[in-house]
Amino acid sequence: MREYKAFINNEFIENGQWLEIINPTTLKPAGRVTALKQKDIENAYKSARYAQKSWEKVDLLKRIAFINEFKNLIIKNQNEIAQIMSEEIAKNLQDSLGEVLRTVEIIDYTLEEAKRIDPKAMTGEGMGAKNKIGIFSRVAKGVILAISPFNYPFNLALAKIIPALVMGNSVVFKPATAGSLVGAYMGKLAFEAKLPKGIFNVVTGRGSEVGDLITSNPEIDMISFTGSVNVGNQIRKNGSTTDLVLELGGKDPALVLDDINLEKYANEIISGAFGYSGQRCTAIKRVFVFDNYADKLVEILKEKITKLSVGNPEDNASITPVIDVKSSDFIQGLIDDAKTKGAQVVIGDKRQNNLMWPTLLDHVKTDMRIAWEEPFGPVLPILRINSIEEMIEIANKSNFGLQASIFCQDISTALNVAKQIEVGTININSKSQRGPDCFPFLGIKDSGEGVQGIRESLLSMTRYRGIVINY
Ligand code: NAP
Ligand code: G3P
């Protein structure tokens with residue numbers, strides 16, 4: 001069994017209290033991490049505050065060199081990291097390794113981009129102040145709290161931690177409980193990389209028990225959170241005087257506006273809906289299609305779903321157990337509600353504990369919960385809708401506004417529809433997705449506030465410092 005301790009001020013913390021991490025595949029313990037108490041958490045913030053003052057004075061190239069040491073250890077330990085992740089969140093091994101390598105790419109790009117966060121210089125001439133020159137540099141905000149979700153425990157954590165550190169902030173990092181093993185492992189790597197004392201702290205503990213303590217500490221200058229709407233809203237309350245970037249849930253629609261290339265559209269829809277068993281905020285979570293080719297699309301989707309392997313992460317199955325039994329009960333509830341109200345199960349609707357077979361539901365109507373709620377699991381509803389206007393209306397009725405996909409060969413129609421859909425990003429002829437990671441990534445409405453993406457994260461974790469020269 002794995003055991004990793006919380007990491008505060010470059011010390012590994014053991015206090016006799018442990019948080020057990022359950023392997024979703026075996027439903028047995030995968031390991032344990034320290035369950036921190038109030039005093040430890042307060043110490044993490046004190047250390048982060050103290051360390052930040054010297055860290056921001058370290059030259060940018062030196063900060064980059066420190067982070068490169070850390071990155072090199074990630075590369076060296078890539079298989080171990082993927083293995084841990086696969087054990088604690090049941091992401092298949094190939095995808096877990098893919099997540100680690102994608103993170104290395106993000107780190108490289110972030111470190112390069114940090115060199116290009118140039119100051120802005122301007123004169124006051126346009127406002128009648130011709131003898132003033134202002135130089136506005138981006139400087140660290142201070143102490144950043146990074147909170148990551150279970151589904152990308154390595155990537156979404158470091159996509160916050162690295163931009164914060166390179167710009168001269170210190171970090172308090174709270175991993176998701178499922179994801180804490182790999183989260184605490186980062187503390188071990190930071191120690192080996194000899195990151196300066198106190199700039200990176202890993203605080204482990206169950207969110208429902210220590211979440212308020214972690215998010216309401218007065219030392220926090222900014223919170224970067226990815227997770228559910230409920231917890232996001234709780235953080236809005238606790239951190240109301242703190243800068244916030246929140247990336248929350250989604251109910252991304254795919255609008256299929258022609259039948260010119262249904263085979264290709266179906267490939268994108270399958271990969272969008274069932275990647276990591278549907279546990280992606282950007283997963284395609286509803287498909288809108290015209291009746292006259294809906295049967296054909298459903299047939300193609302069914303054929304492709306039949307070929308998805310279902311099983312264990314170590315065998316690289318496409319569909320692996322969802323994160324816990326409680327989640328699979330919730331997903332099953334959505335399926336059952338749809339069936340009761342007349343939806344047709346095309347394939348799936350089978351489970352063993354939290355291993356759920358990919359499910360395609362046809363003839364879904366707007367009175368069914370699955371039309372609106374985020375399952376975060378391998379289930380895809382098809383809504384047959386016969387006008388583009390109605391598709392847009394139903395897409396926009398959702399409380400979520402993360403992304404959407406439009407499948408259509410006529411670019412004028414696609415662009416015209418894209419402009420009317422109320423989400424952060426619309427993907428024409430591809431699944432919804434966060435990457436490439438240099439793009440801005442954002443949700444509107446309940447899907448979040450603020451923007452992530454490499455450059456945007458560097459900006460959101462800094463503020464202007466203006467120096468005005470009068471002559
Ligand atoms: P979650 O339950 O909201 O947890 C997210 C993080 O918040 C975890 O680290 C969790 O710790 C912590 N947390 C829980 N309660 C807290 C509290 N009261 N105060 C502070 N932190 C608290 O979400 P999840 O189940 O990990 O992830 C699934 C959700 O995240 C889905 O809704 C999905 O759409 C969304 N998501 C969005 C994006 C995006 O970029 N838009 C990306 C990924 C996921 P514990 O695990 O210890 O509870
Ligand atoms: O759910 C996490 C979110 O950020 C999605 O990332 O790359 O799967 O679209 P991706």
Side-chain angles (χ1 to χ4, degrees), residues 19 21-22 33 35-36 41 88-89 91 95 98-99 102-103 106 145-157 159-160 172-180 183 202-217 220 223-239 245-252 271-285 322-324 326-327 330 373-377 400-403 405 423-425 427 430-437 439 441-453:
L19 175 61
I21 313 301
I22 300 298
V33 295
L36 289 180
I41 292 165
E88 67 176 327
I89 64 158
K91 183 174 281 190
D95 290 350
E99 176 171 341
R102 176 179 178 182
T103 309
I106 292 181
L145 167 60
I147 306 182
S148 53
F150 79 81
N151 64 338
Y152 278 94
F154 197 69
N155 181 282
L156 279 171
K160 302 171 189 308
V172 172
F173 163 49
K174 150 79 180 99
T177 293
S180 287
V202 186
V203 293
T204 43
R206 201 173 287 288
S208 54
E209 287 161 21
V210 289
D212 286 348
L213 267 177
I214 291 176
T215 53
S216 56
N217 190 290
I220 305 169
I223 302 177
S224 178
F225 170 82
T226 303
S228 62
V229 177
N230 282 348
V231 177
N233 286 337
Q234 181 67 29
I235 287 174
R236 275 196 180 103
K237 271 191 228 149
N238 288 343
V245 170
L246 304 175
E247 293 295 346
L248 310 175
K251 186 71 185 170
D252 297 359
S271 151
F274 296 108
Y276 185 39
S277 309
Q279 297 171 112
R280 294 166 56 244
C281 57
T282 47
I284 291 180
K285 293 180 182 131
V322 297
I323 197 67
D324 52 29
K326 192 169 155 223
S327 300
F330 172 76
E373 293 181 39
E374 182 185 37
F376 229 59
F400 292 111
L402 190 57
Q403 295 207 348
S405 294
V423 293
T425 300
N427 302 274
S430 87
K431 65 180 182 183
S432 35
Q433 59 197 316
R434 173 166 42 122
D437 295 301
F439 285 179
F441 179 58
L442 69 153
I444 60 170
K445 303 202 272 185
D446 276 359
S447 292
E449 68 181 73
V451 188
Q452 291 200 103

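Hydrogens, waters and symmetry mates play no part in the numbers below; they use all other heavy atoms, side chains included. The chain is numbered in sequence order, starting from 1. Whatever order the structure lists them in is the order used to number ligands and atoms, beginning at 1. Computed from a predicted model, the values in this text were never measured in an experiment.
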request  = Indicate whether atom 1 (P) of ligand 1 is within a distance of less than 4.0 angstrom of some protein heavy atom.
outcome  = yes

Give yes or no for whether the N/O distance cutoff of 3.5 Å, strictly under, is met between [X] and ligand 1.
X	value
Asn151	no
Gln234	no
Leu156	no
Phe225	no
Glu374	yes
Val231	no
Thr226	no
Pro149	no
Gly227	yes

Please find the pair of heavy atoms, one from [X] and one from [Y], that lie closest to each other, and give the distance.
X	Y	result
Ile89	Gly179	CG2-N, 4.3 Å
Leu402	Ser447	N-OG, 3.2 Å
Asp324	Ser327	OD1-OG, 2.7 Å
Phe173	Ser148	CE1-OG, 3.3 Å
Val210	Leu36	CG1-O, 3.7 Å

note = Contacts for ligand 2, heavy atom under 4.0 Å, by chain and number, are Arg102, Asn151, Tyr152, Leu156, Arg280, Cys281, Thr282, Gln433, Arg434, Phe441

key: Lys/Arg cation over aromatic Phe225: Lys174, 6.0 Å, 45° cone   = no

task = Could you list the atoms of ligand 1 found under 4.0 angstrom from a heavy atom of Thr177?
result = 45 (P), 46 (O), 47 (O)

key: Close-contact set for ligand 1 against Lys174 heavy atoms, below 4.0 Å   = 9 (O), 11 (O), 45 (P), 47 (O)

Please state which protein non-hydrogen atom is closest to [atom] and give its distance, to 0.1 Å?
atom	result
atom 19 (N) of ligand 1	Gly211 CA, 3.3 Å
atom 28 (C) of ligand 1	Phe376 CE2, 3.6 Å
atom 37 (C) of ligand 1	Leu248 O, 2.8 Å
atom 48 (O) of ligand 1	Gly207 N, 3.6 Å
atom 23 (O) of ligand 1	Ser228 N, 3.5 Å
atom 26 (O) of ligand 1	Phe150 N, 3.1 Å
atom 36 (N) of ligand 1	Cys281 CB, 3.6 Å

May I ask whether [X] places a heavy atom under 4.0 Å from ligand 1?
X	result
Ser447	no
Pro175	yes
Ile147	yes
Ser148	yes

key: Check: Gln234/Asp212 side-chain N/O donor and acceptor closer than 3.5 Å   = yes

query = Would the number of heavy atoms belonging to other residues, nucleotides or ligands and lying under 6.0 Å from CZ of Phe330 be above 12?
reply = yes

task = Just grab all the salt bridge (charged side-chain N to carboxylate O under 4.0 Å, His left out) pairs involving residues 272-282, residues at least two apart or on different chains.
result = none

query = Any sub-3.5 Å donor-acceptor pair from Gln403's side-chain atoms to Asn427's backbone N or O?
reply = no

ask   = Should Glu449 and Arg236 count as an ion pair when the cut-off is N to O under 4.0 Å?
value = yes

